[in-house]
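A short write-up of the structure that comes next.
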Amino acid sequence: MSSDNNKKPKNQTEESFLDQALRPSSWDEYIGQKHIKDNVKILLKAAEERGHVPEHVLFYGPPGLGKTTLAHLIAKETGKQIKITSGPAIEKVGDLASILTNLSPGDIIFIDEIHRLNKMVEEILYPAMESGVLDIIIGKGPSARTIQLDLPPFTLIAATTRVALVSSPLRSRFSGGVFRLEFYTNEEIAEIVKRSSKLLDVILNEEALKEIAQRSRFTPRTANYFLKRCRDYAQVNKKELDKDTVKSALHMLSVDEIGLNSSDRKFLEVLIQKFNGGPVGLKTIAAALSEEEATVEEVIEPYLIQLGLLERTARGRVATEKAYMHMGFDIPENLQKKLI
C-alpha cells in the first residue's frame with residue numbers, strides 16, 4: 001500500500017498552510033486593535049525588564065477578530081513556546097495537570113473558549129494561576145490526601161466569545177488585563193486584504209480590494225475567506241480579479257453588497273413580510289425561520305443590529321427604515337411607533 005494514503009489531502013494541507021501564512025508574525029504586521037497592542041507591548045516589556053513572565057491575559061470579542069493571532073504574537077515576542085488547547089478539550093483535572101506539569105519555565109498556554117471550561121477544572125486552575133501550584137487530590141473518602149505540585153512560571157492567555165459566561169473569580173485572576181477586541185473599520189480590513197493578497201501572490205486592483213472589504217462584516221477572518229474564494233473563482237474562470245469578478249464570486253456565495261448572507265436576508269424578509277416588520281419575540285421568529293434561538297440571537301442578529309437594520313425593543317425585534325430600504329420594501333407609516 002502506498003504511503004501517500006497516509007498523507008493529508010493536498011488542498012487541506014494547502015488551506016492550513018495559507019491560514020498560517022496569512023497570520024501576522026510581528027506587531028507591525030498586525031493591523032488594528034491599537035489600544036490592545038499598546039497595552040500588551042508595555043506588559044511584555046515591563047515583564048522582560050523585571051525578569052518575570054508576563055501576567056495572565058484574557059481576550060474577548062466576536063469570532064474572527066484576532067484573539068488567537070494575538071496569543072501567537074505574544075509567544076513570538078517573548079521567544080517562548082505556546083501550548084494551544086480549548087475549554088471543551090480539558091474534560092478532567094488530569095488533562096489540565098498533564099498540560100501544566102509539562103510546561104517549561106516561561107511557556108505560554110493558550111486556552112480558547114475558556115468559558116466552556118469544566119467547573120472542577122476551573123477550581124484547580126485558580127491556585128495554578130495565582131501561586132504557581134497544582135493541588136491534586138488522591139483517593140476518596142477519609143483516606144483522600146492532597147498533593148501540591150510546584151509549577152514552572154507560565155503565562156495563561158485565554159480567549160472567549162462570551163465573556164459573561166466566564167466566572168467572576170476566574171476573570172479576576174487575569175492580572176495582566178481583560179481586553180475586548182473591537183470590530184475593524186473598512187479601511188483596516190482593506191489593509192489586511194492588501195497584505196493577504198501579496199502573501200497569496202494575487203493581483204488585486206483597488207476597486208476589487210474595496211469591494212471585498214465592504215462585504216467582510218468588519219472581520220479579518222471573513223475578509224481572508226472571501227479573498228481566497230474570489231481568487232479561486234478568478235482562476236477557474238480565467239478572469240482578472242477585478243471588481244466585477246469579486247461581485248460575481250461573492251454573488252455565488254450569496255453575499256450582498258453590505259455583507260448580508262442568505263440567512264440574514266431571510267431573517268429580514270420573514271420579519272417584514274410575515275410579522276409586518278415587528279415587534280416580534282425571539283421564540284416566534286426563530287420558529288418561523290426553523291432556526292435555534294441561540295443561532296438567531298448570537299449569529300444572525302448582531303451584524304444586523306450593528307448595521308442598523310434591526311432593533312431589539314422592549315416588545316421584541318423590529319426592522320428599521322434602513323432594513324426596508326435595503327430589502328426593497330415600502331416603509332410603513334407607523335414605523336416610528338414600533339421602534340419606541
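As the structure is a computational prediction, the values presented were derived from the model and not from experiment. Numbers here are sequence positions counted from 1.
- Met120 and Leu165 are assigned to two separate hydrophobic clusters, defined by single-linkage of ILVMFWY side chains at heavy-atom distances under 4.5 Å.
- Hydrophobic clustering, with ILVMFWY side chains joined whenever heavy atoms are under 4.5 angstrom apart, keeps Leu204 apart from Met252.
- Ion pairing between Glu301 and Arg312 holds under the 4.0 Å rule for side-chain N and carboxylate O.
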Test log, rule side-chain contact (heavy atoms from CB on, under 4.5 Å), inputs Leu70 and Val40: CA-CA 9 Å; Leu70 280 168; Val40 171; 5.6 Å; no
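- A 4.5 Å side-chain heavy-atom check between Ile74 and Ile108 finds at least one atom pair inside the cut-off.
- Residue Ser197 comes nearest to Leu227 through the heavy atom pair N-CD2, 3.6 Å, listed as atom of the first residue, atom of the second, then distance.
- The structure places OG1 of Thr69 at 9.5 Å from CG of Leu181, a figure rounded to the nearest 0.5 Å.
- The minimum heavy-atom distance between Ile157 and Phe59, with the atom names listed, is CG2-CE1, 3.7 Å.
- More than 12 heavy atoms of other shown residues, nucleotides or ligands fall within 6.0 angstrom of atom NZ in Lys37.
- Taking the six-membered ring where the residue is Trp, the centroids of His72 and Phe110 are separated by 6.0 Å or more.
- Ile111 has its side chain out of reach of Ile84: every pair of non-hydrogen atoms, C-beta onward, lies at least 4.5 Å apart.
- How far CG of Leu289 is from CD of Glu292: 12.5 Å, rounded to the nearest 0.5 Å.
- Under 4.0 Å is where a charged nitrogen must lie from a carboxylate oxygen, and between Arg173 and Glu130 at least one such pair does.
- A salt bridge does not link Lys247 with Asp244: none of the charged nitrogens is closer than 4.0 Å to a carboxylate oxygen.
- Side-chain contact of Asp242 with Thr245: a donor-acceptor pair under 3.5 Å is present, judged by distance alone.
- With salt bridges taken as basic N to acidic carboxylate O contacts below 4.0 Å, one links Arg195 and Glu29.
- Here CG of Leu250 is found 6.5 Å from CD1 of Ile212. Values are rounded to the nearest 0.5 Å.
- Around atom NZ of Lys41, more than 12 heavy atoms belonging to other residues, nucleotides or ligands sit under 6.0 Å away.
- Of all heavy-atom pairs between Glu211 and Lys243, the closest is OE1-CE, 3.2 Å.
- Of the possible donor and acceptor atoms, one in the side chain of Asp95 sits under 3.5 Å from a partner among the backbone N and O of Lys92.
- Hydrophobic clustering of Ile, Leu, Val, Met, Phe, Trp and Tyr side chains at less than 4.5 Å, counting indirect connections, keeps Ile285 apart from Val299.
- Distance alone, capped at 3.5 Å, places no donor-acceptor pair between the Ser216 side chain and the Thr219 backbone.
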Quick one: do Gln273 and Phe329 satisfy side-chain contact (heavy atoms from CB on, under 4.5 Å)? Show the steps, please. CA-CA 9 Å; Gln273 288 191 310; Phe329 293 108; 3.6 Å; yes
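- No side-chain heavy atom of Glu311 sits under 4.5 Å from any side-chain heavy atom of Ile305.
- Cluster membership check: Val57 does not share its hydrophobic cluster with Val53, using side-chain heavy-atom separations under 4.5 Å among Ile, Leu, Val, Met, Phe, Trp and Tyr.
- A salt bridge between Asp38 and Lys34 is present, with a side-chain N of the basic residue lying under 4.0 Å from a carboxylate O of the acidic one.
- For Asn102, the CG atom counts as densely surrounded, since its 6.0 Å shell holds more than 12 non-hydrogen atoms of other residues, nucleotides or ligands.
- In terms of heavy-atom proximity, Asn118 sits nearest to Glu91 at ND2-O, 3.6 Å.
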Glu257 and Arg215: salt bridge (Lys or Arg N to Asp or Glu O under 4.0 Å), yes or no, with the steps? CA-CA 6 Å; Glu257 61 273 13; Arg215 298 178 186 229; 5.3 Å; no
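- His326 contributes atom NE2, which lies 9.5 Å from atom CG of Leu304 (distance to the nearest 0.5 angstrom).
- Taking the charged nitrogens against the carboxylate oxygens, Asp264 and Arg217 do have a contact shorter than 4.0 Å, which makes a salt bridge.
- Judged by distance alone, the side chains of Asp256 and His251 never bring a donor and an acceptor atom under 3.5 Å apart.
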Working note: Asp107 + Lys83, criterion side-chain contact (heavy atoms from CB on, under 4.5 Å); need CA distance, chi angles, decisive distance, verdict. CA-CA 8 Å; Asp107 276 0; Lys83 306 285 178 71; 4.0 Å; yes
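- Side-chain atoms of Leu307 and Phe218, non-hydrogen and from C-beta on, do get closer than 4.5 Å to each other.
- If you check the side chains of Glu113 and Thr161, you find a donor sitting under 3.5 Å from an acceptor.
- For the pair Phe226/Val193, no side-chain contact is recorded, criterion being any heavy-atom separation below 4.5 Å from C-beta on.
- Ring geometry, Phe174 versus His56: the interplanar angle exceeds 60°, so the pair is classed perpendicular (tilted spans 30 to 60°).
- Here the side chain of Ser196 pairs a donor or acceptor atom with the backbone of Ile192 at under 3.5 angstrom.
- At least one donor-acceptor pair closer than 3.5 Å links the side chain of Lys67 to the backbone N or O of Pro62.
- Few gaps surround CD on Glu298; more than 12 heavy atoms of other groups in view lie less than 6.0 Å from it.
- In this structure, CG on Leu43 lies 8.5 Å from OG on Ser175, to the nearest 0.5 angstrom.
- Here the side chains of Val163 and Leu58 are in contact, with some heavy-atom distance below 4.5 Å.
- In this structure a side-chain-to-backbone donor-acceptor pair under 3.5 Å is missing from Tyr184 to Pro220.
- Donor-acceptor pairing under 3.5 Å is recorded for the side chains of Tyr126 and Glu122.
- The side-chain heavy atoms of His52 and Pro153, taken from C-beta on, include no pair separated by under 4.5 Å.
- For the atom pair CG (Asn205) and CD1 (Ile203), the distance works out to 10.5 Å, reported to the nearest 0.5 Å.
- When all heavy atoms of Ala128 and Phe154 are compared, the pair lying nearest together is O-CE2, 3.5 Å.
- Remark: Arg50 does not engage Glu48 in a salt bridge, criterion side-chain N to carboxylate O under 4.0 Å.
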For Val255 and Leu260, what are the C-alpha separation, side-chain angles and deciding distance, and is it a side-chain contact (heavy atoms from CB on, under 4.5 Å)? CA-CA 6 Å; Val255 177; Leu260 300 189; over 6 Å; no
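- Hydrophobic clustering places Met129 together with Ile99 (ILVMFWY residues linked when any side-chain heavy atoms are closer than 4.5 Å, directly or through intermediates).
- In this structure a side-chain-to-backbone donor-acceptor pair under 3.5 Å is present from Thr155 to Pro54.
- Nearest heavy atom pair, residue Tyr324 against residue Ala319, reads CE1-O, 3.8 Å.
- Proximity of Leu44 to Thr78: side-chain heavy atoms (C-beta onward) are separated by under 4.5 Å at one or more points.
- Counting only distance, with no hydrogens or angles, the side chain of Ser131 and the backbone of Val133 share no donor-acceptor pair below 3.5 Å.
- Using a 3.5 Å distance cut-off with no hydrogens or angles, the side chains of Asn261 and Ser254 do not pair a donor with an acceptor.
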